[in-house]
Amino acid sequence: MLDIAFIRQNADTVRAAIKNKRCDVDLDALLDADRARRDGIVVVDAKRARKNQIASLIPKATKEERPTLIEEAKTIRTDIEKLEPELAAVVKTFDDLMLRIPSIPRPEVPIGAVEADNVEVRKVGTPRTFDFTPKDHVELCTHLGLVNWEGPRKFAGGRSYALIGMGALLELAVTRMAVDLLMARGLTLVTPPVMVRERALTGTGFFPGGREEAYAMEADELFLVGTSEVPLVSLHADDILEESALPIRYAGLSQCFRREAGASGKDTKGLYRVHQFTKVEQVIFGLPDEEAAEKEHYALLANAESLLEKLEIPYRVALACTGEMGIGVTRKHEVESWMPGRNAYSETHSCSTMGEFQARRSNIRVRKADGSLGFVYTLNNTAVASPRILIPILENHQNADGSVTLPKALVPYMNGIEKLTPR
RNA sequence: GGAGAGAUGGCCGAGUGGUCUAAGGCAGCGGUUUUGAAAACCGCCGACGGUGCAAGCUGUCCAGGGGUUCGAAUCCCUUUCUCUCCGCCA
């Protein structure tokens, strides 16, 4: 969410952001609602002021004066009772529109509509040249017995899967490796609730725009989160954090749930796009300062890259274009791992600076050293998401006989197992 | 799931219909004193909105929502959360 005063004063900037981010919201409707809201407040506040004035006069008034005052107060109350619902309706319109206004992309962000408009920043590692026909991860998982595909699809539906045996252990291993790396770099491990109220999703910017993406549990008015970013950011909703306590750096470990409502028919095969997965996510609360935020952003990015280096996976880093950024994001880097089965770099990490966007929605403030209050900046990045990360691990490290030689860093987490072979 | 007790500013805590512009304390900020610091003393000190060049004026907020009343932190209803006991349970 942006400051309405900022929106009024920078309407053109906001209009450009809406266009470039391909958001569906009517800025003029918002400005109209804002005007109507403020006009309404002036009228209602004047009535309320008189009402308060009369209420304070009555105890001091004589017996003779009282009936007149009470009469006037009753009239005013009737007026107010008529005006308040009208104002509330205007405010509701205003609030709904405010929630759909995107944050402003930073100047370095390329303007573009689709993935192809992202700007490559660097490539690290070289995709391996195979002297045999490499298998894709589906074949490898089947060959090595890492996944049960058919069972889950019968009782849990499409995009479901079960990791089995070494497959399940591999997920634990890579997850634990990520946790250890982040803890060593000063992040605090959190295993948060994954069932949350609507407020957490609105507060982090996933609602109202992404309502279709979330699983809802109607009976309890709870939603399953698609990332632990949601509970981690919400952990400090309504808090006033001391400047000295910042930055706060969390590593969230959770199951994530996504309906993939807009992806029907896309990536239905294998482990790439699934409804339920495990993710270690990095979340930062920092001072509202662009320079400090930039430093944190690149530290988060570096953590993800370290992970991929340990996993010996070639990857590339791209600066996402405006059309590929979420509503609240002001700068986003995507890290794409090389996946031989897709013959492409594909997204495994997403590193975002959100500015004050989430803090305004979730009411997360900082008391600065000079005593003033401000909103914090939030940032987030994937550390590792499984099973998607299993794809480049298996595909890049496969051998001609269908076995997989695990990257060295993973071996201790695999109880010393160096190679996956069919059992 | 059942019964009961609670929720007040950054924190603790008083406040059972008008004088609440929320006592008092802690923390914070400024000052006096001091070589410096501490202590003591004095003063300041909630958030958000509207309006205004500004000074100021004004509205809302005592967990959330609704109601009663000329007037609600206070009375009523409701939701959420916390605590105690019982039940169930990995």
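- Taking the P atom of each, B/G50 and B/A38 are spaced 41 Å apart, rounded to whole Å.
- Across B/G71, B/C81, B/G10, the shortest atom-to-atom separation from the side chain of A/Ala55 is found for B/G71.
- Distance from the side chain of A/Asn52 is smallest for B/G59 among the nucleotides B/C70, B/C48, B/G59.
- Rounding to whole angstrom units, CD of residue A/Glu221 and C1' of B/G65 are separated by 13 Å.
- Between A/Arg211 and A/Glu198, at least one side-chain nitrogen of the basic residue sits less than 4.0 Å from a carboxylate oxygen of the acidic one, meeting the salt-bridge criterion.
- Nucleotide B/A7 has B/U80 as its partner under the Watson-Crick or G-U criteria, with both atom distances under 3.5 Å.
- Regarding A/Leu87, its CG atom lies at a distance of 12 Å from the P atom of B/G50, rounded to whole Å.
- One atom, CD1 of A/Ile240, and another, C1' of B/G9, lie 9 Å apart when rounded to the nearest Å.
- B/A63 and B/G52 are spaced 35 Å apart, taking the C1' atom of each and rounding to whole Å.
- Shown here, B/C48 forms a base pair with B/G59; the pair counts as Watson-Crick or G-U wobble because both key distances fall under 3.5 Å.
- A/Asn10 places no side-chain N or O within 3.5 Å of a backbone atom of A/Thr13 that could act as its donor or acceptor partner.
- One donor-acceptor pair, N or O on each side, does fall under 3.5 Å between the base of B/G49 and the side chain of A/Asp45.
- Checking B/G49, B/G71, B/U60 against every side-chain atom of A/Arg37, the shortest atom distance belongs to B/G49.
- Taking 4.5 Å as the limit, every side-chain heavy atom of A/Phe375 sits out of range of all side-chain heavy atoms of A/Met1.
- Here, B/A14 and B/G9 have their P atoms 13 Å apart, quoted to the whole Å.
- Rounded to whole Å, atom P of B/G9 lies 15 Å from atom CG of A/Leu373.
- Rounded to an integer number of Å, the gap from A/Lys51 NZ to B/U69 C1' is 10 Å.
- Of the side-chain N and O atoms in A/Arg38, one or more sit less than 4.0 angstrom from OP1 or OP2 of B/U51.
- Distance check on atom C1': B/U60 versus B/A73 gives 14 Å, rounded to whole Å.
- For the P atom pair drawn from B/G46 and B/C85, the interatomic distance equals 41 Å after rounding to whole Å.
- Looking at the side chain of A/Val42, the nearest of the listed nucleotides B/G50, B/U58, B/C70 is B/G50.
- Ion pairing of A/Arg37 with A/Asp34 is present here, as a side-chain N (NZ or NE/NH1/NH2) and a carboxylate O approach within less than 4.0 Å.
- Side-chain N or O atoms of A/Thr188 include none that pairs as donor or acceptor with a backbone N or O of A/Tyr250 at under 3.5 Å.
- Within 4.0 Å (heavy atoms only), A/Ile54 reaches no atom of the nucleic acid at all.
- Comparing atom distances between the A/Arg35 side chain and each of B/C48, B/U51, B/G18 picks out B/U51 as nearest.
- Judged by Watson-Crick or G-U wobble contacts below 3.5 Å, the nucleotide B/G18 has B/C70 as its partner.
- Judged by distance alone, with hydrogens and angles left aside, the side-chain atoms of A/Arg15 form no donor-acceptor pair with the main-chain N or O of A/Leu27 at under 3.5 Å.
- Taking atom P on both B/U8 and B/G64, the two are 10 Å apart, rounded to the nearest angstrom.
- The CE atom of A/Met195 sits 15 Å away from the P atom of B/U80 (whole-angstrom rounding).
- Following rounding to the nearest Å, A/Arg48 (CZ) and B/A72 (P) show an atom-to-atom distance of 12 Å.
- The distance from atom CG of A/Asp238 to atom P of B/U80 is 19 Å, rounded to the nearest whole Å.
- Checking B/U32 for Watson-Crick or G-U wobble geometry (two distances, each under 3.5 Å) identifies B/A40 as its partner.
- Of all nucleotides listed (B/G50, B/G18, B/U58), B/G18 comes nearest to the side chain of A/Ile58.
- When the C1' atom is compared between B/U74 and B/C62, the two are found 10 Å apart, to the nearest whole Å.
- Between A/Phe223 and A/Phe206, the ring center distance fails the sub-6.0 Å criterion.
- When Watson-Crick and G-U wobble pairs are counted only if both distances are under 3.5 Å, B/C85 pairs with B/G2.
- With B/C70, B/U60, B/G10 as the candidates, the nucleotide lying closest to the side chain of A/Lys74 is B/C70.
- B/C11 and B/A5: their C1' atoms are spaced 23 Å apart (whole Å).
- Mapping A/Asp39 and A/Val44 onto RNA chain B by nearest heavy atom places A/Asp39 at the nucleotide closer to the 5' end.
- The side chain of A/Arg77 has B/C70 as its nearest neighbour among B/A47, B/C70, B/G50.
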